[in-house]
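Scroll down for the structure; my scribbles are underneath it.
Residues take their numbers from the sequence shown, with the count starting at 1.
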Amino acid sequence: QVQLVESGGGLVQPGGSLRLSCAASGFTFNNYRMHWYRQAPGKERELVAGISPTGSFTNYADSVKGRFTISRDNAKNTVYLQMNQLKPEDTAVYYCYVPHSTGGHWGKGTLVTVSS
């Protein structure tokens with residue numbers, strides 16, 4: 001059974017940093033792209049970042065480019081999102097996602113709150 005478990009969320013001041021982790025199981029991790037999405041209250045879920053199976057290629061939303069870095073450790077079946085220079089508008093539930101041909105799989109999410 002596919003399982004994605006996010007961790008690392010919490011309360012941080014503007015300008016601060018957090019690192020999110022997503023632990024994956026139930027599939028061959030190094031064969032798939034991985035993505036981070038986020039959803040703020042009252043907003044649609046949006047793509048934040050993606051990474052290719054070996055980590056050679058990454059992509060980011062314009063709103064986070066230069067501040068966030070996605071990475072993966074295939075030996076640990078884990079994908080990370082390093083978030084720096086956080087802004088209040090980054091406040092959201094962050095979700096890990098893997099696209100499979102049978103349909104995508106989502107984690108339950110981890111809440112990031114950026115506030116002074």
**Prompt:** Would you find more than 12 non-hydrogen atoms of other residues, nucleotides or ligands less than 6.0 Å from Glu89 atom CD?
**Reply:** yes
**Message:** Is it the case that the side chains of Arg33 and Asn59 hold a donor-acceptor pair, with the cut-off being a distance below 3.5 Å and no angle test?
**Reply:** yes
**Message:** Under a 3.5 Å distance rule, please check whether Arg38 uses its side chain to pair with a backbone N or O of Val112 as donor and acceptor.
**Reply:** no
**Pro88 side chain near Ser115 side chain, heavy-atom distance below 4.5 Å** = no
**Request:** Give a yes or no answer on whether the side chain of Thr91 reaches the backbone of Val114 with a donor-acceptor pair at less than 3.5 Å.
**Result:** yes
**Pairwise side-chain contact, Tyr80 with Arg72, heavy-atom cut-off 4.5 Å (strictly under)** = no
**Request:** Search all heavy atoms of Leu86 against all heavy atoms of Arg67 and return the closest pair with its distance.
**Result:** CA-NH1, 3.9 Å
**Request:** For Leu4 and Cys96, work out which heavy atoms get closest and say how close.
**Result:** CD1-O, 3.7 Å
**Prompt:** How far apart are the closest heavy atoms of Ala40 and Ala92, and which atoms are they?
**Reply:** N-CB, 3.8 Å
**Complete:** Between Phe29 and Ala24 the two heavy atoms that sit nearest each other are CD1-CB, 3.6 Å
**Message:** Within the structure provided, determine whether Pro99 and His35 are in side-chain contact (heavy-atom separation under 4.5 Å).
**Reply:** yes
**Request:** Using only heavy-atom distances, determine whether the side chains of Asp73 and Thr78 contain a donor-acceptor pair under 3.5 Å.
**Result:** no
**Item:** Pairwise distance CD(Gln1) to OG(Ser25) - rounded to 0.5 angstrom
**Value:** 9.0 Å
**Asked** Got Trp106 and Val2 here, is their nearest side-chain heavy-atom distance under 4.5 Å?
**Response** no
**Message:** Show the nearest heavy-atom pair for residues Ile70 and Tyr60, with the distance to one decimal.
**Reply:** N-OH, 3.0 Å
**Main-chain N/O of Pro53 paired with Asn74 side-chain donor or acceptor, under 3.5 Å** = yes
**Message:** Taking the ring of Tyr37 and the ring of Tyr97, is the distance between their centroids below 6.0 Å?
**Reply:** yes
**Request:** Would you give the length of the straight line joining atom CG of Leu20 to atom CZ of Phe68, rounded to the nearest 0.5 angstrom?
**Result:** 8.0 Å
**Prompt:** So, does Thr113 use its side chain to make a donor-acceptor pair with the main chain of Leu11 at under 3.5 Å?
**Reply:** no
**hydrophobic_cluster_shared for Leu47 and Tyr95, side chain cutoff 4.5 Å** = yes
**Item:** Over all atoms of both residues, closest heavy-atom pair of Leu81 and Ala49
**Value:** CD1-CB, 4.3 Å
**Check: Phe27 ring centroid to His100 ring centroid under 6.0 Å** = yes
**Request:** Calculate, to the nearest 0.5 Å, the distance between atoms OG and OH belonging to Ser101 and Tyr32 respectively.
**Result:** 6.0 Å
**Request:** Answer yes or no: is there a side-chain heavy-atom contact under 4.5 Å between Thr69 and Met83?
**Result:** no
**Message:** If I take atom SG from residue Cys22 and atom CH2 from residue Trp36, how far apart are they, to the nearest 0.5 angstrom?
**Reply:** 5.0 Å
**Minimum side-chain heavy-atom gap Ile51-Val79 below 4.5 Å** = yes
**Message:** Looking at Lys108 and Glu6, is any side-chain nitrogen of the basic one under 4.0 Å from a carboxylate oxygen of the acidic one?
**Reply:** no
